[in-house]
Number of protein chains: 2
Amino acid sequence: MDKYDVLKLENKICFPLYACSKEIVKRYRPYLDVLDLTYTQYLALMVVWEKREVNVKELGEKLYLDSGTLTPVLKNLEAKGYVCRTRSTTDERVLNVKITDKGEALKDKALDVPQKVAGCVKLAPQEAVELYRLLHKILGNM
Amino acid sequence: MDKYDVLKLENKICFPLYACSKEIVKRYRPYLDVLDLTYTQYLALMVVWEKREVNVKELGEKLYLDSGTLTPVLKNLEAKGYVCRTRSTTDERVLNVKITDKGEALKDKALDVPQKVAGCVKLAPQEAVELYRLLHKILGNM
DNA sequence: TCAAATTAAATTGTATACAATCTAATTTCT
DNA sequence: AGAAATTAGATTGTATACAATTTAATTTGA
């Protein structure tokens, strides 16, 4: 044990988080490719599917993303016809993102994606629950 | 509970992993800014600091990154004078990345980064150990 | 009231990520 | 030996991420 051990990858929590996240996102790809969606587009759609209408600020808070990231993602989803973007009439600064019929139809095609990806995360059920709890504890504290 | 609940953010393990990873990486920024390093550059340097010399393939396996990502990162680190990149004499396909004196000097300046960032991950010690175990279990299975 | 401060998105610039492809070097196999 | 297959990096193209700045709209406060 020398003083440089703190600089080793194995001794960190951030690196496995980063690596795990990337590897699992990669597992989504084949299933999302079929739907012509990227993971970020899929994340954004999940929120719009649930709320039917949401503004960019709310979406950013849910997804931990800012408008610099979301603007092109949402323009892309609009170009594909899954959402429409309209300024709020009561506050022109606010952009509302609403699901379209085509976007609603996509929801049914996406239903089996979670289950298919879940197969590659081989944790016991109680381990998944614990991981979920720990991640949300970290997120809640920052 | 309807059939669309599987498409909610809260019901997934991947999204909190993705969000947690990004939020913690963000916490590195102020400390890495001082060293003129990005998180990815810092990750790469950690491996080079530990092994002194490593080729791109080995580095990619350690970091779960491919040459498409690593090539520009390593060129950047070379431009800053922290590493040098030289082709192996026994196999011209292989590119060796070696720490320089300047890179070695940077190691000491980076020593307190982990501790400073650790403060924002407010987990009990045994929770951090468990999180570490779960993440490596997932990584080991994929 | 109306200038100053704040806010929501968009834009700009830099740095990843990664799939797909390409190139050059090395191995394998007949 | 020499063609075919494999391998290591680099390149190309697309899509994030995010800090910093900008723009336009709204709210605050003297």
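Please read all numbers here as calculations on a predicted model, not as lab measurements.
- Atom CZ in B:R93 sits about 16 Å away from atom P in D:dA5, given to the nearest Å.
- B:S88 comes within 4.0 angstrom of no nucleic acid atom, judged by non-hydrogen atoms across all strands.
- Relative orientation of the B:Y39 and B:Y28 rings is tilted, given thresholds of 30° and 60° on the angle between their planes.
- The stretch residues 24-59 of chain A touches DNA chain D through A:T38, A:T40, A:Q41, each having a heavy atom within less than 4.0 Å of the strand.
- Computed from coordinates, the B:E61 CD to D:dG9 C1' distance equals 14 Å when rounded to whole Å.
- A donor-acceptor contact shorter than 3.5 Å is absent between the side chain of A:K107 and the backbone of B:Y4.
- Bracketed by its first and final contacts, the part of DNA chain C lying under 4.0 Å from non-hydrogen atoms of chain B reaches from C:dA15 to C:dT26 in 5' to 3' order.
- Between the side chain of B:R52 and the backbone N or O of B:K98, no donor-acceptor pair lies under 3.5 Å.
- For the segment residues 63-82 of chain B, residues with any heavy atom less than 4.0 angstrom from an atom of DNA chain D are, sorted by number, B:S67, B:G68, B:T71, B:K75.
- Listed for the A:N76 side chain is no donor-acceptor partner under 3.5 Å among the backbone atoms of A:A79.
- Applying the ring-ring contact (aromatic ring centres under 6.0 Å, His included) test to pairs two or more places apart or on separate chains, those with a residue in residues 79-132 of chain A are A:Y132-A:H136.
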Quiz: residues 17-26 of chain B side-chain donor-acceptor pairs under 3.5 angstrom, not counting sequence neighbours:
residue, atom, partner, partner atom, Å
B:K22, NZ, A:Y64, O, 2.8
B:E23, OE2, B:K26, NZ, 3.2

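- For the pairing with B:L37, the side-chain contact (heavy atoms from CB on, under 4.5 Å) check across B:V113, B:L45, B:L43 returns one residue only, B:L45.
- Partners of A:K116 under the side chain to side chain donor-acceptor pair (under 3.5 Å) rule, at least two apart in sequence or in another chain, are A:D112.
- Proximity of a side-chain donor or acceptor of A:D66 to a complementary backbone N or O of A:T69 within less than 3.5 Å is detected.
- Contact between A:V73 and A:A44 at its shortest, heavy atoms only, is CG1-CB, 4.3 Å.
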